[in-house]
Amino acid sequence: MNKFPRLLFLASLVLTARLLAADAGQWKVQVAGLRIVAPPADKKEDAHGAFFQPPGVTVVAAITPVQGKIVSIEQFSSKVDSFTDDQGTDLLAAKSESPFNKPGFGVMDAKELCATVEIQAAGLPARGATVLNITGKLTVKIAMGTNQFTMDNVAITNNTSFTCGDQPVRITKAGFGKAMFSNKEEFSVTFSSPKDLESIATMEFFDAQGGKIEAHKSSWGGGMGDYMAVYVFKKSVDRAKIVATCWTDLKTVEVPLSVKTGLGL
């Protein structure tokens with residue numbers, strides 16, 4: 001019989017956590033979850049342990065700005081500086097063989113009024129540890145509100161240009177093609193701009209009778225004055241009224257992160 005449990009079971013969670021920003025009280029944080037997974041007892045087994053997850057610790061934090069809305073979190077410029085227990089163990093020092101459990105920030109999900117981030121470490125707390133301490137920073141895009149702009153009778157074809165407020169937009173590609181992850185034919189439209197298209201929160205499309213045209217944003221990205229967003233339509237479209245909801249006072253802020261959470265093991 002294995003002397004040590006494969007899972008350090010979380011019996012209770014007593015926590016104090018804070019999220020600090022340039023303006024005191026601008027952000028608040030709540031630890032929303034904690035997972036601790038020990039290595040498998042039999043080294044010949046799959047590298048995943050309990051919960052079918054790789055060994056290590058994951059803390060899930062929910063962050064909320066007191067004012068404004070979260071547009072996105074910049075994962076590559078966000079950083080976890082330290083992840084330790086109260087015994088002095090550096091949980092970031094352990095290496096992970098799993099590409100899904102690299103030390104630092106993992107899955108992030110921004111939903112305007114609240115965002116959740118996973119903070120990961122491949123190491124395990126020392127025996128007798130009761131507290132985890134995490135510090136770092138989050139780079140977050142926030143906005144104070146929205147404005148709506150309507151563009152009537154827009155030709156959905158290559159090289160059509162229009163503006164959403166002061167945002168220039170051009171259709172650089174429109175037509176049928178193979179879907180990215182299948183051989184299915186789909187009608188997609190690529191919108192391009194020299195300004196970050198994340199400033200456009202949503203784009204909705206309507207036909208001449210006012211009926212909504214089904215479409216969803218499938219991909220987006222870019223940088224250095226060349227941004228794009230691809231929308232996939234349920235059917236081909238020649239012309240449409242476009243209603244764009246745009247963020248106002250969009251800015252990028254750096255949020256220092258300090259989390260202290262207690263464990264009941």
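In this view, S218 satisfies the side chain to side chain donor-acceptor pair (under 3.5 Å) rule with no residue, not counting sequence neighbours. For K141, the side chain to side chain donor-acceptor pair (under 3.5 Å) test picks out D196, E198, with sequence neighbours left out. Partners of K137 by salt bridge (charged side-chain N to carboxylate O under 4.0 Å, His left out), not counting sequence neighbours, listed by chain and number: E254. Residues meeting the side chain to side chain donor-acceptor pair (under 3.5 Å) test with T135, sequence neighbours left out: S82. Checked against side-chain contact (heavy atoms from CB on, under 4.5 Å), P103 has the following partners two or more places apart in sequence or in another chain: L92. With sequence neighbours excluded, the residues forming a salt bridge (charged side-chain N to carboxylate O under 4.0 Å, His left out) with K212 are E204, listed by chain and number. Take K178 and apply the salt bridge (charged side-chain N to carboxylate O under 4.0 Å, His left out) test, not counting sequence neighbours, and it matches E185. Partners of D86 under the side chain to side chain donor-acceptor pair (under 3.5 Å) rule, at least two apart in sequence or in another chain, are T130. Qualifying salt bridge (charged side-chain N to carboxylate O under 4.0 Å, His left out) partners for K95, counting only residues two or more places apart in sequence or in other chains: none.
The main-chain N or O of K195 is found under 3.5 Å from a side-chain atom of S193 such that the two form a donor-acceptor pair. A donor-acceptor pair under 3.5 Å links the side-chain atoms of Q75 to the main chain of F105, judged by distance alone. T160 places no side-chain N or O within 3.5 Å of a backbone atom of I171 that could act as its donor or acceptor partner. A side-chain donor-acceptor contact under 3.5 Å links K102 to the backbone of S96. Of the possible donor and acceptor atoms, none in the side chain of T150 sits under 3.5 Å from a partner among the backbone N and O of V243. When atom types are taken as modelled, the side chain of D85 and the backbone of A126 share a donor-acceptor pair closer than 3.5 angstrom.
Taken from CD1 in I142 to CD in Q67, the straight-line distance is 9.0 Å, to the nearest 0.5 Å. The distance from the OG1 atom of T190 to the CG atom of N158 is 9.0 Å, given to the nearest 0.5 Å. For the atom pair T116 OG1 and Q30 CD, the distance stands at 12.0 Å (nearest 0.5 Å). One distance of note links CZ of F191 with OG of S161; it measures 11.5 Å at 0.5 Å rounding. Between the CG atom in L138 and the CG atom in L257 there is a gap of 5.5 Å [rounded to 0.5 Å]. Taking OG1 from T139 and CZ from F76, the interatomic distance works out to 12.5 Å, rounded to the nearest 0.5 Å.
In this structure, V71 shares a hydrophobic cluster with W247, L250, the cluster being traced through Ile, Leu, Val, Met, Phe, Trp and Tyr side chains under 4.5 angstrom apart.
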Working note: F83 + I119, criterion side-chain contact (heavy atoms from CB on, under 4.5 Å); need CA distance, chi angles, decisive distance, verdict.
CA-CA 9 Å; F83 196 137; I119 312 168; 3.9 Å; yes
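Closest of all the heavy-atom pairs between C246 and F149 is SG-CD1, 3.8 Å. Pairing each heavy atom of A62 with each of C114, the nearest pair is CB-SG, 3.9 Å. Residue L124 comes nearest to A38 through the heavy atom pair CD1-CA, 3.9 Å, listed as atom of the first residue, atom of the second, then distance. The nearest pair of heavy atoms linking G68 to M144 is CA-CE, 3.6 Å.
By the criterion of side-chain heavy atoms lying less than 4.5 angstrom apart, applied directly or through intervening Ile, Leu, Val, Met, Phe, Trp or Tyr residues, F206 is not grouped with V189; the two fall into different hydrophobic clusters. Residues I242 and M228 are members of separate hydrophobic clusters, defined by side-chain heavy-atom contacts under 4.5 angstrom among Ile, Leu, Val, Met, Phe, Trp and Tyr. Under the 4.5 Å side-chain heavy-atom criterion for Ile, Leu, Val, Met, Phe, Trp and Tyr, L132 and V60 are members of distinct hydrophobic clusters. Both M108 and L34 belong to a single network of hydrophobic side chains, linked directly or stepwise wherever heavy atoms of I, L, V, M, F, W or Y lie under 4.5 Å apart.
A salt bridge does not link D249 with K251: none of the charged nitrogens is closer than 4.0 Å to a carboxylate oxygen.
A salt bridge (Lys or Arg N to Asp or Glu O under 4.0 Å) check over residues 222-247, counting only residues at least two apart or in different chains, returns the pairs E214-K234. Evaluation of the ring-ring contact (aromatic ring centres under 6.0 Å, His included) test over residues 150-169, restricted to residues two or more places apart or in two chains, returns none.
The closest side-chain heavy-atom distance from V57 to P125 is below 4.5 Å.
Taking the six-membered ring for Trp, Y231 and F205 have ring centres closer than 6.0 Å.
S192 and T172 are linked by a side-chain donor-acceptor pair at a separation below 3.5 angstrom, with hydrogens and angles left out of the test. Using modelled atom types, one finds no donor on one side chain facing an acceptor on the other under 3.5 Å when comparing E118 with T58.
Other residues, nucleotides and ligands place more than 12 heavy atoms under 6.0 Å from the CZ atom of F176.
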